[in-house]
Structure formats: C-alpha cells, structure tokens
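Please see the structure below; I have some questions.
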Amino acid sequence: MMKNSKTDKNTKIKLPKYSFRGLSVEEAILKRRSVREYSEKPLSISEVSHILFSAYGITHIVNGFELRASPSAGALYPIEIYFAAHNIEGINEGIYHYIPQNHSVEIIKKGNFREEILKACLSQETFLTSSLTIIYTAVFRRTTSKYGERGYMYIYIEVGHIAQNVALQCVSLGLSSCVVGAFYENKINKIIGVDGKEQSSIYIQTIGFGI
Ligand SMILES: Cc1cc2nc3c(=O)[nH]c(=O)nc-3n(C[C@H](O)[C@H](O)[C@H](O)COP(=O)(O)O)c2cc1C
C-alpha cells in the first residue's frame with residue numbers, strides 16, 4: 001500500500017470535491033447487488049470521498065442548518081461514520097472517522113485491523129478482501145433526547161438510508177458493496193474506540209472492486 005506523508009504527519013485528511021457524474025439512479029438501482037468478494041485493485045481517495053459524501057455529506061445550508069445527503073429525523077444526524085482502510089491508494093491502513101463539516105477524515109488508529117474485524121464479524125467472507133469497511137455508529141442521545149424510545153427506531157431507519165446511498169454510489173463508481181448486520185457490536189466498538197453505551201456500532205458495509 002502506498003504511504004501518504006499527509007497521514008504520517010497529520011491526523012486529518014481533506015477529501016477531494018464531490019464531482020463525479022456516473023450512472024443514472026435507474027441504472028445504479030438495476031445494477032446493485034450484494035458482492036462479497038473483491039479484487040486487489042485499490043480504491044482511490046476520490047472514490048472514498050464520493051462514498052462518504054453520498055453517505056452524510058453536507059449538501060445544503062438552510063436557515064443556518066446544515067442538511068446532509070441522507071435524511072434524518074429532526075435533522076439531528078445521530079450517525080457517526082468510521083471506516084477501516086485496508087486497500088486505499090494514498091491512505092495508510094487504519095481506522096478513520098468522517099467529519100462532514102469540512103468533508104475530511106481523521107485517523108483514529110493506524111494499523112491492519114482486517115483479522116480483528118473478521119473475527120468480530122463471524123469470519124464472514126466479505127471481510128477477507130474488502131478494500132474499505134464502513135462502520136456506522138449511532139450517538140443515541142442525539143435522537144432519543146427529542147423523540148424518546150421512538151428515537152431508536154428512527155436511528156435504525158436512518159442508517160438504512162445512508163447505506164443505500166452508499167450502495168448506489170458504489171455502483172455508480174464501478175464499485176461493489178455488501179451491508180452486514182451480523183457482527184459483535186462490543187468487539188467492533190473496541191476496535192474503533194467507542195463506549196457501546198452512549199455510542200455504538202450498528203451497521204457495517206464492505207466495499208471494493210468486484211472480481
Ligand atoms: C439488515 C441487513 C443485514 C444484512 N446482513 C448481512 C450479513 O451479515 N452478511 C451478508 O453477507 N449479507 C448481509 N446482508 C445482505 C443480504 O444478504 C442481501 O441484501 C440479500 O441476500 C439480497 O441480495 P442483494 O443485496 O444482492 O439484493 C444484509 C442485508 C440487510 C438489509
């Protein structure tokens with residue numbers, strides 16, 4: 001994997017602009033399929049940028065409120081997006097966190113976490129070759145403080161919106177993906193460094209070029 005002096009010296013990486021004009025939504029819907037085996041071709045940082053922007057990028061500012069690519073009950077945006085970079089050109093292997101406010105990522109920890117993630121996800125084949133593994137977490141209180149128990153339902157609905165945007169964006173970029181609900185939250189939480197109470201992993205998505 002290529003080393004990037006940016007990730008060696010700084011903890012934040014500014015992502016390139018969202019500009020790609022790919023497939024139509026109709027074509028992307030027709031082509032989307034869950035794919036669980038990926039090639040060794042690395043993702044580019046531009047592809048990672050498009051994926052993250054399509055998930056939770058800030059698309060509009062209305063009356064001072066930053067609105068994002070995916071809908072959110074009360075515009076409270078309870079999801080925080082982490083990812084494991086396994087095979088991305090110009091980005092060191094490690095765990096990263098997406099910051100929508102300046103469309104950048106910060107490194108949480110460096111290293112190869114493929115084996116640990118594989119174990120935390122019941123050794124599912126999709127983790128053997130994914131170039132990028134997105135881990136969606138929720139900060140529950142952001143939504144439950146307004147909506148109470150109903151807020152939990154909203155959070156799980158919202159992560160589905162985000163993952164679907166990402167799945168279609170992947171198809172548009174010529175990439176493949178698979179969403180994963182079967183994993184040990186506590187193990188994944190430990191890997192990314194969240195407490196499992198205030199904030200927990202709730203959904204995972206593997207991404208890469210198809211074979
Ligand atoms: C909530 C949810 C959880 C899922 N969990 C897994 C999983 O743990 N492992 C996996 O390989 N696929 C998982 N999938 C993907 C489904 O197996 C897949 O969507 C289904 O077989 C239909 O295929 P398609 O996505 O190609 O249409 C999950 C899908 C959803 C919506």
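We count ligands from 1, going down the list as the structure has it; atoms in each ligand are counted the same way. For reference, positions follow the sequence shown, starting with 1.
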Among residues at least two apart in sequence or on other chains, which ones pass side-chain hydrogen bond (donor to acceptor under 3.5 Å, both in side chains) with Asn165? Ser70
Determine the minimum heavy-atom distance between His50 and Lys17, stating which atoms define it. CE1-O, 3.7 Å
So which heavy atom on Ser72 is nearest to which on Pro78, and how close? OG-CD, 3.6 Å
Are Tyr56 and Tyr98 an aromatic pair by the rule of ring centers under 6.0 Å? no
Taking the six-membered ring for Trp, is the centroid-to-centroid distance between Phe83 and Tyr96 below 6.0 Å? yes
Pair Thr133, Ser130: side-chain N/O donor-acceptor within cut-off below 3.5 Å: yes
Ligand 1: protein residues within heavy-atom distance under 4.0 Å: Arg32, Arg33, Ser34, Arg36, Gln124, Cys178, Val179, Val180, Gly181, Ala182, Tyr203
